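Just below is one structure, and these are the notes that go with it.
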Amino acid sequence: MIRPDGSKNLAFVGQYCELPDDVVFTVEYSIRSAQMAVYSLLGLEREAPPVYKGQFKLRVLLEAFVALHEIGADHGVQSLTAHV
């Protein structure tokens, strides 16, 4: 909740609010929560940019797998990620 119910001039931003489907300690989170607070307080009918869903991107998943398993270029992984 960015703006408490009934509030006319108070909104929470950054780590002091909770946004669905987002991670608190990122710059994008802070910016998105500030945008939402300003839009709400000014009565604007706008929405903040959508949350990036990297966990559903095949390239991101493959790069994370490679990094976690310390697989190097000597196993041909660079060529795999280049074609995904």
Side-chain angles (χ1 to χ4, degrees):
M1 175 186 323
I2 301 292
R3 184 173 165 201
D5 293 337
S7 174
K8 302 270 192 240
N9 61 358
L10 173 71
F12 297 100
V13 297
Q15 67 189 29
Y16 303 105
C17 66
E18 186 174 332
L19 299 177
D21 299 325
D22 210 344
V23 178
V24 173
F25 297 106
T26 63
V27 174
E28 291 84 6
Y29 188 93
S30 298
I31 292 169
R32 188 174 293 105
S33 65
Q35 285 178 318
M36 293 173 71
V38 169
Y39 297 160
S40 174
L41 289 170
L42 294 177
L44 301 176
E45 296 294 326
R46 295 184 65 183
E47 292 187 20
V51 176
Y52 175 70
K53 304 278 188 177
Q55 72 269 26
F56 300 116
K57 306 284 184 188
L58 184 57
R59 178 176 301 215
V60 173
L61 292 173
L62 182 57
E63 289 173 359
F65 177 83
V66 168
L68 288 172
H69 294 297
E70 298 178 354
I71 300 172
D74 56 327
H75 295 340
V77 174
Q78 295 294 24
S79 62
L80 282 176
T81 58
H83 299 294
V84 175

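Keep in mind that this is a model prediction, so the values were computed, not measured. Note that these values count all heavy atoms, side chains included, but never hydrogens, waters or copies made by symmetry.
- Tested against Y39, the residues R3, E45, R46 include a single side-chain contact (heavy atoms from CB on, under 4.5 Å) partner, R46.
- A pairwise comparison of heavy atoms in R32 and P50 identifies NH2-O, 3.4 Å as the closest pair.
- Hydrophobic side-chain contacts under 4.5 Å tie L61 to no other Ile, Leu, Val, Met, Phe, Trp or Tyr residue.
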I would like to know whether L41 and K8 meet side-chain contact (heavy atoms from CB on, under 4.5 Å); could you show each step before the answer?
CA-CA 7 Å; L41 289 170; K8 302 270 192 240; over 6 Å; no

- Chi angles and distances behind the side-chain contact (heavy atoms from CB on, under 4.5 Å) call for S7, F12: CA-CA 11 Å; S7 174; F12 297 100; over 6 Å; no

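- The side chain to side chain contact (heavy atoms under 4.5 Å, CB included) search around V38 returns L42, not counting sequence neighbours.
- Residues forming a side chain to side chain donor-acceptor pair (under 3.5 Å) with S30 (at least two apart in sequence, or on another chain): none.
- The two residues I2 and S33 come nearest to each other via the heavy atoms CD1-CB, 3.8 Å.
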